[in-house]
Amino acid sequence: MAKVTELGYLGLSVSNGEAWRDFAGGIIGMEIVDDGEPDRFYLRMDLWHHRIVVHEDGGDGLAYVGWRVAGPVELEEMGQQLEAAGIPYEVASAAEAAERRVLGLLKLVDPGGNPTEIFYAPQVDKGKPFHPGRPMFGRFVTGEQGLGHVILGQHDDAAATRFYRVLGLDGAVEYQLATPDGGTAQPVFMHCNERQHSVAFGFGPMEKRINHLMIEYTELDDLGLTHDLIRQRKIDVTLQLGKHANDEALTFYCANPSGWLWEPGWGGRTAPRQQEHYKGDVFGHDNEVPGYGIDLPLK
Ligand code: MBD
Ligand code: FE
């Protein structure tokens, strides 16, 4: 069975490119890459050509999620798996693959309607050192762990779990949380490498396709610097600094220029071999600004 190996790239729709350059570059530390295309720029986190494509198309949300497989054999096998599972997909053209700076690509949609791509062989610019958008103490945690994790909107958590298992991710419900209306939220977290989770869902209704992107620093001081910059600019912090029970990362959640969240973090543990579940988090993550989704009490 072919399995995806990492959350490889994201495409974002944005209305305010200038604000995004400042946020992703000047605050978070990503490298801004312009390739002379008028409708998009790129965010670099390591030696890859990019990890994020920012499409200046007037939208403000997720455009697509890119999952990597090891190579062409695995991509073909993945196509057969999708077919066997009754999941429709398209094999992208050479031009579409080139647009994504990869050698091969399938395009499909997950059960929540999230545009999904499965690719192999990203362009890695070995001769171009990573140059962060602001001075950094360290680097982003990427490599085998992919670019971070995303929380996506789904209408049917069981269907979403089945879909991501076909892609080769593993995981299940990790929290049982009391909701204000007396119910129980049971969010699902899934992984495909040492990163504790690469995708999660099941937090209740969401306004946008994506609730947040988590990115991780190698150095605690970069998380601290980002936190200072976010506070200086009076950007909404929706959940304050805290530590999740599942990935044990120190993180906080802040609003990006499109009105959804980024979760900068540090110190995540790797995925345990056996499933666990939690009734709450370790500490912190108090809700400071409501209205961005995931306002559930995590403790
Ligand atoms: C996470 O990364 C997260 O975003 C939430 C809400 C809970 C546990 C881990
Ligand atoms: Fe998260």
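One is the number of the first residue; the rest follow in order along the sequence. Order of listing sets the numbers, starting from 1, for every ligand and every atom in it. Computed over heavy atoms, backbone and side chain alike; hydrogens, waters and symmetry mates excluded.
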Logged contact type for His212 with ligand 1, heavy-atom cut-off 4.0 Å, is side chain
Per-atom contacts of ligand 1 with Tyr175, taking only distances under 4.0 Å to non-hydrogen atoms: 8 (C)
Once the angle between the rings of His55 and Tyr64 is folded into 0 to 90°, is it parallel (under 30°), tilted (30 to 60°) or perpendicular (over 60°)? perpendicular
I'd like to know whether the aromatic ring centres of Tyr217 and Phe137 sit less than 6.0 Å apart in this structure. no
Check each atom of ligand 1 against the heavy atoms of Phe203 and keep those under 4.0 Å away; list them by number with element. 6 (C)
Would you mind telling me if ligand 1 is within reach of the side chain of Thr251, the backbone, both or neither, using heavy atoms under 4.0 Å? neither
Drop me the distance from Tyr164's OH to Leu169's CG, to the nearest 0.5 angstrom. 8.0 Å
Test item, Glu263 contacting ligand 1 (heavy atom, 4.0 angstrom): yes
I'd like the name of whichever of Met214, Lys243, His149, Glu248 reaches closest to atom 2 (O) of ligand 1 through any heavy atom. His149
Checking Arg21 against Phe41: charged group under 6.0 Å from the ring centre and within 45 degrees of the axis? yes
Please work out, at 4.0 Å between heavy atoms, whether the side chain, the backbone, both, or neither of Tyr253 comes within that distance of ligand 1. side chain
Examine Phe119 together with Tyr9 and report whether their ring centres are nearer than 6.0 Å. yes
Taking CH2 in Trp266 as the centre, count heavy atoms belonging to other residues, nucleotides or ligands within less than 6.0 Å. Is the count above 12? no
Please identify which atoms of ligand 1 are closer than 4.0 Å to at least one heavy atom of Asn246. 8 (C), 9 (C)
Atoms of type N, O or S from protein under 2.8 Å of the Fe ion (ligand 2), total 3
Does the Asp35 side chain pair with the main chain of Glu37, one donor and one acceptor, at a distance under 3.5 Å? no
Once the angle between the rings of Phe140 and Phe130 is folded into 0 to 90°, is it parallel (under 30°), tilted (30 to 60°) or perpendicular (over 60°)? perpendicular
Flag the pair Ile151 / Phe203 as yes when at least one side-chain heavy-atom distance between them is below 4.5 Å, and no otherwise. yes
Glu90, CD: over 12 other non-hydrogen atoms inside 6.0 angstrom: no
Quick one: does His197 get a heavy atom under 4.0 Å from ligand 1? yes
protein heavy-atom neighbour closest to atom 8 (C) of ligand 1 works out as His244 ND1, 3.3 Å
Passing option when Gln196 is tested against His149, Glu248, Glu174, His244 for side chain to side chain donor-acceptor pair (under 3.5 Å): Glu174
